[in-house]
Amino acid sequence: MEETNFSRLSKLTAGDYEAFLYDCDGTLADNMPAHTETYVAIAKQYNVDMDPAIIDELAGWPIFNVVEELNLRYQADMDPAEFTARKAKLYFEEYLQKALPITYVVEHLKANAGKVRIAVVSGGDRRAVQHTLDVIGVSDYVEAMVCAGETPRGKPFADPFLKAAELLGVDPKKCLVFEDGKPGTDAAEAAGMHWVRIDQFKFG
């Protein structure tokens, strides 16, 4: 019988972990194309014709930091706070309700809720992340959230994951991180946590 993505993920996550920390966009929710489209659309409002591939490269970075990086690459002077507000508005109005679950990851979260502590650690805006979790039906399972701007530094630094561990009252070494990008796995390693790339079924 062919192995399912859920069973492949479950095998990777066996161990004596006390908390599972999930990224949101691209990990629990299949909405990265929508986020990329909103980045491109808002950048065009500033006359910046950006390469969409940059968003995959910087997956997990807080929006504020992504805009700072875009300014460097395109010699632009987009205001990060204003850009973030415009992007949030566009995403809310045109994309949020279209978010779909990445089914096997959502199933994994639900199957482990009650067995381990559950947190969501995202580089996204808290309001958008909360609504996304509502849309994909996992809000009731999430015990803690850490979102953009809530720690001194975002991914790829350790701060967001360490904050989540603190909120849950769990030793960082007993936390397992679920991510879809290198900035997220780099942050997990910096926090002394093991990680799983859900798009590659890779454990680190």
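Between the side chain of E143 and the backbone N or O of A119, no donor-acceptor pair lies under 3.5 Å. Of the possible donor and acceptor atoms, one in the side chain of D159 sits under 3.5 Å from a partner among the backbone N and O of R153.
Between E18 and D171, the closest side-chain pair of non-hydrogen atoms is not below 4.5 Å. Contact check for L176 versus V116: no side-chain heavy atoms found under the 4.5 Å cut-off. By the 4.5 Å heavy-atom criterion applied to side chains, L162 and P172 are counted as neighbours. Counting heavy atoms from C-beta outward, Y91 and D125 have side chains that stay 4.5 Å or more apart. Side-chain contact between M145 and L133 is present, with at least one heavy-atom pair separated by less than 4.5 Å. Side-chain atoms of M78 and Q45, non-hydrogen and from C-beta on, never get closer than 4.5 Å to each other. For the pair F178/T13, a side-chain contact is recorded, criterion being any heavy-atom separation below 4.5 Å from C-beta on. No side-chain heavy atom of K155 sits less than 4.5 Å from a side-chain heavy atom of D186.
The distance from the CD atom of Q130 to the OG atom of S122 is 11.5 Å, given to the nearest 0.5 Å. From N112, atom CG reaches atom CZ of F20 across 4.5 Å, with rounding to the nearest 0.5 Å.
At a cut-off of 3.5 Å, with distance as the only test, no side-chain donor of E68 or N71 sits close to an acceptor on the other residue.
A cation-pi geometry, defined here as NZ or CZ lying under 6.0 Å from the six-membered ring centre and within 45° of its normal, does not hold between K89 and F92.
The six-membered or imidazole ring of F201 lies near that of Y104, with a centre-to-centre distance under 6.0 Å.
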Legend entry - Worked verdict on E150 versus R126 for salt bridge (charged side-chain N to carboxylate O under 4.0 Å, His left out): CA-CA 9 Å; E150 297 178 359; R126 174 174 279 264; 2.7 Å; yes

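By the 4.0 Å N-to-carboxylate-O rule, D51 lies too far from R73 to be salt-bridged with it.
Hydrophobic clustering keeps V121 apart from V138 (ILVMFWY residues linked when any side-chain heavy atoms are closer than 4.5 Å, directly or through intermediates). In the hydrophobic clustering of ILVMFWY residues, with side-chain heavy atoms under 4.5 Å counting as a link, I54 and V40 come out together.
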